[in-house]
Protein chains: 2
Amino acid sequence: MDTVDESLKQHGLRLTPARRQIVEILMNHAYALSQHEIEQKLTLEADRVTVYRTLLTLIEVGLVTKILDERGQRFLLCRGEKKAENAHFKCTDCGHIEAIENSIVLPVALPQGYVLQNHNVLITGTCAVCNENKP
Amino acid sequence: MDTVDESLKQHGLRLTPARRQIVEILMNHAYALSQHEIEQKLTLEADRVTVYRTLLTLIEVGLVTKILDERGQRFLLCRGEKKAENAHFKCTDCGHIEAIENSIVLPVALPQGYVLQNHNVLITGTCAVCNENKP
DNA sequence: ATTTTTCGTGCAACAATGTTGCAAATTTAA
DNA sequence: TTAAATTTGCAACATTGTTGCACGAAAAAT
Ligand SMILES: [Mn+2]
Ligand SMILES: [Mn+2]
Ligand SMILES: [Zn+2]
Ligand SMILES: [Zn+2]
């Protein structure tokens with residue numbers, strides 16, 4: 001049983017072709033994918049609602065997390081313990097989105113009486129690759 | 001000529017009823033409004049496309065900035081020099097969104113070769129008012 | 001291995017938001 | 001007051017999110 005199946009089993013999910021392939025796709029990408037991008041990378045035929053619900057399920061069990069983009073949401077595998085605690089960087093040139101490791105985003109000083117639940121940080125700019133190609 | 005008209009003039013925009021009222025609405029709110037919320041607060045009749053384009057224009061000239069929400073974008077007046085450099089807080093109870101003054105969010109240490117352009121920080125949690133009402 | 005139960009999927013349908021083209025109306029400049 | 005430039009309303013379409021329900025597939029029970 002491979003890593004994908006183990007992950008699904010560990011989270012109490014049934015092994016279905018759609019789940020297997022979606023998790024595998026997310027495993028093979030270091031940056032966050034939109035639902036549409038995931039659909040395009042699927043070799044099997046899956047309805048977009050299936051992809052939608054599969055992602056909901058994966059988030060619910062903690063396998064996947066999402067971040068907010070200008071146009072909708074983007075999904076990526078939870079690595080390690082942290083969910084979306086990292087800031088994410090989106091290159092305005094190539095469009096790739098990646099988690100920024102070691103990014104110190106929080107704690108932010110919230111006003112008195114406020115309680116923190118979650119946060120979403122998207123930083124835009126240009127990545128190293130794109131900056132090299134056009135100096 | 002009131003503050004609204006001055007702002008519009010200063011940014012080289014024509015004075016139209018829609019622009020006047022939309023800017024006024026944003027001036028009277030400390031938190032970010034969705035396009036739909038703005039529409040609802042208008043007393044004059046304006047097509048949603050007009051609101052859409054008006055907001056685009058206001059952002060383009062620097063009068064307004066937007067932040068990303070789970071469901072679309074939210075708009076607020078630019079105060080002072082800073083655009084959306086502040087973090088924004090959204091209460092999951094009452095839904096209000098406000099800029100967090102004095103929030104130290106950046107600089108985030110970006111990897112070598114990366115260039116920063118902008119950032120968007122949305123923090124979710126519960127606000128002081130909501131926490132008082134339900135302790 | 002077969003049945004039963006539980007869960008996942010496809011399809012249809014709808015909601016919300018974003019986006020564009022174009023003609024009519026409005027604002028500003030001449 | 002007229003002409004030029006800009007803004008608006010309307011129609012139309014795209015994208016994404018969301019739900020109900022009947023059917024199919026996976027896991028559990030027998
Ligand atoms: Mn798509
Ligand atoms: Mn609306
Ligand atoms: Zn890039
Ligand atoms: Zn609140």
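In what follows, chains are A, B, ... by sequence order, proteins preceding strands, each numbered from 1.
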Q | Distance, rounded to the nearest Å, where B:Asp5 contributes CG and C:dT27 contributes P | A | 12 Å
Q. In whole angstrom, what separates B:His11's NE2 from D:dT7's C1'?
A. 19 Å
Q.
Heavy-atom nearest nucleotide on DNA chain C for A:Arg19 versus B:Gln73: which residue maps closer to 5'?
A. A:Arg19
**Q.** Sugar-phosphate, base or nothing in reach of A:Glu70, heavy atoms under 4.0 Å
**A.** nothing
Q: Report the hydrophobic cluster partners of B:Leu56, with the cluster defined as I, L, V, M, F, W, Y residues connected by side-chain heavy atoms closer than 4.5 angstrom, directly or transitively.
A: B:Tyr52
Q) Ion pair present between A:Glu24 and A:Lys41, side-chain N to carboxylate O less than 4.0 angstrom? A) no
Q: Establish, from distance only, whether the side-chain atoms of B:Thr43 and B:Gln21 form a donor-acceptor pair under 3.5 Å.
A: yes
**Q.** Rounded distance in Å - CD (A:Gln21) to C1' (C:dG8)
**A.** 16 Å
Q.
What is the separation between atom CZ on A:Arg48 and atom C1' on D:dA14, rounded to the nearest whole Å?
A. 11 Å
(Q) Any donor-acceptor pair under 3.5 Å linking the side-chain atoms of A:Thr126 with those of B:Gln117? (A) no
**Q.** Under 3.5 Å donor-acceptor, B:Asp69 side chain and B:Gly72 backbone
**A.** no
Q. Do A:Leu33 and A:Phe75 touch side chain to side chain, with heavy atoms closer than 4.5 Å?
A. no
Q.
Please report the distance, rounded to the nearest Å, between CG in A:Asp47 and P in C:dA13.
A. 14 Å
Q.
If I take atom CD in residue B:Glu37 and atom P in nucleotide C:dT17, what distance separates them, rounded to the nearest angstrom?
A. 9 Å
Q | Under 4.0 Å protein heavy-atom contact, by nucleotide of nucleotides 22-30 of chain D - B base, S sugar-phosphate only | A | ----BS---
Q. Given C:dT19, is OP1 or OP2 found less than 4.0 Å from the side-chain N or O atoms of B:Tyr52?
A. yes
Q.
Is it the case that the base of D:dG20 and the side chain of A:Arg53 share a donor-acceptor contact (distance under 3.5 Å, atom types as modelled)?
A. yes
Q: Ignoring backbone atoms, establish whether A:Gln35 has a side-chain N or O less than 4.0 Å from OP1 or OP2 of D:dT16.
A: no
Q | D:dT7 OP1/OP2 closer than 4.0 Å to side-chain N/O of B:Thr50 | A | no
(Q) Could you tell me how far apart A:Leu56 (CG) and C:dG8 (C1') are, to the nearest whole angstrom? (A) 13 Å
Q: Round to a whole Å and report the spacing from CD of B:Glu39 to P of C:dA16.
A: 12 Å
**Q.** Under-4.0 Å salt bridge between B:Glu70 and B:Lys90
**A.** no
Q. Under 4.0 Å between a side-chain N/O of B:Thr54 and OP1 or OP2 of D:dT7, yes or no?
A. no
